[in-house]
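Values reported hereafter were calculated over all heavy atoms of this structure, with side chains retained and with hydrogens, waters and symmetry mates removed. For clarity, every value in this text was computed on a predicted model and none was experimentally measured.
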Amino acid sequence: MQVVILAGGFGTRISEESHLKPKPMIEIGGMPILWHIMKKYSAHGFNEFIICCGYKQQYIKDFFNDYFLHASDVTFDFTNNTNKMKVHKTYTEQWKVTVADTGLNTMTGGRIKRIKKYLKPDEPFLMTYGDGLTDLDINALVDFHKEHGKLATLTVVNAGQRFGVIKMNSSTNKITSFREKRDSDGNPINGGFMVLDPKVIDYIEGDATVFEKTPLEQLAKDGELMGFHHDGFWQCMDTKKDCDTLEAIWQSGEAPWKNWED
């Protein structure tokens, strides 16, 4: 199953760092948060990625272009007027990564629509954003999606109300509507980690479509959107404070999202 990661936004709420690099390349523990997300999926057996880029995409392309070399021990030999390189010990993940230019100003739905040509047409795909970490059991999420047979599943979490609120039937797990946040809210929100049938792309008009608006709203109205509850760790990196929080958690040696061996 393929993993689509939206990594093309401007990251304006964390402009202290995103003016230099795209938000998914901001580092936690010396590695981009994008790498952490991919390691999370890979540990669950998902190793084929499609990264939807836009803003400062060259940073992401350069990272993967150099990844093998940076993960290796290398001897550079300049003796006898030569320029030789010998790669010694190396370890890289068994990843297949497609880095797609989905446009500078394209909205989230438009980015998904643009990479349709890279998707397997008869298989659901995983989708998330390039700025969130969790200890979610991704295999359990996939199993839930396969069992209910609807077009879309999104992970539902409880968090501070900076985001739109979900209304969900507690007995069927069907999502029935979305609305904007209110100060009094304590309701579940979209945690980002999704499983989508390729037919979901038919709900997206074009580059200007915000996936979290009309497409998800219409899927909910059509009874094709299900919610997977996650009560464990979840944290997005929207602000410098969020970044500092994730860094402190990583440095503690007890990062909940780290489900892989060093």
Could you please spell out the steps behind the side-chain contact (heavy atoms from CB on, under 4.5 Å) verdict for Phe46 and Leu126? CA-CA 9 Å; Phe46 303 102; Leu126 293 148; 3.7 Å; yes
Can a donor-acceptor pair be found, under 3.5 Å and without considering hydrogens, that links the side chain of Asp77 to the backbone of Thr79? yes
Indicate whether the side chain of His230 and that of Asp135 have a donor and an acceptor atom separated by less than 3.5 Å. yes
Hey, quick one: are Leu104 and Met107 part of the same hydrophobic cluster, counting side-chain heavy atoms closer than 4.5 Å, chains of contacts allowed? no
Okay, side chain of Gln235, backbone of Gly132: is any donor-acceptor separation there less than 3.5 Å? no
Flag yes if Val74 and Tyr67 sit in one hydrophobic cluster, no otherwise; membership is Ile, Leu, Val, Met, Phe, Trp, Tyr, and two members link when side-chain heavy atoms are under 4.5 Å apart. no
For a side-chain contact (heavy atoms from CB on, under 4.5 Å) check, start with the C-alpha distance between Lys21 and Ile26, then their side-chain angles and the critical distance, and finish with the verdict. CA-CA 7 Å; Lys21 64 182 75 171; Ile26 295 174; 4.3 Å; yes
Find out if a path of hydrophobic residues (ILVMFWY) with successive side-chain heavy-atom gaps under 4.5 Å connects Val210 to Leu6. no
Verdict with supporting geometry, Lys113 and Asp207, salt bridge (Lys or Arg N to Asp or Glu O under 4.0 Å): CA-CA 8 Å; Lys113 193 176 185 72; Asp207 283 357; over 6 Å; no
Any ring pair (Phe, Tyr, Trp, His ring centres under 6.0 Å) pairs touching residues 121-146, not counting sequence neighbours? Phe144-His148, Phe144-Phe228, His145-His148
Does Asp197 reach the main-chain N or O of Val200 with its side chain, forming a donor-acceptor pair under 3.5 Å? no
Measure from the side-chain N and O atoms of Gln218 to the backbone N and O of Lys213, and report whether any donor-acceptor pair falls under 3.5 Å. no
Given side chains that start at C-beta, do those of Lys174 and Leu225 come closer than 4.5 Å, heavy atoms only? no
Report yes if the side chains of Ile112 and Met127 come closer than 4.5 Å at any heavy-atom pair, otherwise no. yes
Mind checking whether Trp260 and Ile5 sit in one hydrophobic cluster, side chains of I, L, V, M, F, W, Y counted as touching below 4.5 Å? yes
Closest approach of Lys146 to Met1 (non-hydrogen atoms, all atoms of both residues): CE-CE, 4.2 Å
Interatomic distance, NZ@Lys117 vs CD1@Ile50, rounded to 0.5 Å, equals 11.0 Å
Leu141 with Val157, same ILVMFWY side-chain cluster at under 4.5 Å: yes
Which pairs of donor and acceptor atoms, one on a side chain in residues 58-66, lie under 3.5 Å apart (sequence neighbours left out)?
from	atom 1	to	atom 2	distance (Å)
Tyr59	OH	Leu20	O	3.1
Lys61	NZ	Gln57	OE1	2.7

Decide salt bridge (Lys or Arg N to Asp or Glu O under 4.0 Å) for Lys120 and Glu48; before the verdict, give the C-alpha distance in whole Å, the side-chain angles of both, and the deciding distance to 0.1 Å. CA-CA 11 Å; Lys120 298 173 182 176; Glu48 185 174 351; 3.5 Å; yes
Can you tell me if OH on Tyr118 sees more than 12 non-hydrogen neighbours from other groups inside 6.0 Å? no
side-chain contact (heavy atoms from CB on, under 4.5 Å) assessment of Ile189 paired with Asn158: CA-CA 6 Å; Ile189 64 167; Asn158 286 90; over 6 Å; no
Exceeds 12 heavy-atom contacts within 6.0 angstrom, atom CD of Glu123: yes
Mind telling me whether His36 and Trp257 have parallel, tilted or perpendicular rings, with 30° and 60° as the class edges? perpendicular
Does either side chain, that of Thr82 or that of Asn80, offer a donor lying less than 3.5 Å from an acceptor on the other one? no
Between Lys56 (side chain only) and Pro22 (backbone N and O only), is there a donor and an acceptor less than 3.5 Å apart? no
Could you pull out the closest heavy-atom pair between Met226 and Thr172, with the gap in Å? CE-O, 3.1 Å
Would you say Arg111 and Thr102 are linked by a side-chain donor-acceptor pair, where the criterion is simply a distance under 3.5 Å? yes
Leu219 versus Ala152, closest heavy-atom pair with distance: CD1-CB, 4.2 Å
Would a distance-only check, ignoring hydrogens and angles, find a side-chain to backbone donor-acceptor pair under 3.5 Å from Thr134 to Leu136? yes
Looking only at side chains, do Asp242 and Thr245 share a donor and an acceptor under 3.5 Å apart? no
Establish, from distance only, whether the side-chain atoms of Tyr41 and Asn47 form a donor-acceptor pair under 3.5 Å. no
Heavy atoms only: give me the nearest Leu151-Glu224 pair and the separation to one decimal. N-OE1, 3.0 Å
Any side-chain donor paired with an acceptor under 3.5 Å for Ser42 and Trp95? yes
To the nearest 0.5 Å, what is the distance between OG1 on Thr155 and CE on Met194? 8.0 Å
Val156 and Gly227: which non-hydrogen atoms are nearest, and at how many Å? CG2-CA, 3.8 Å
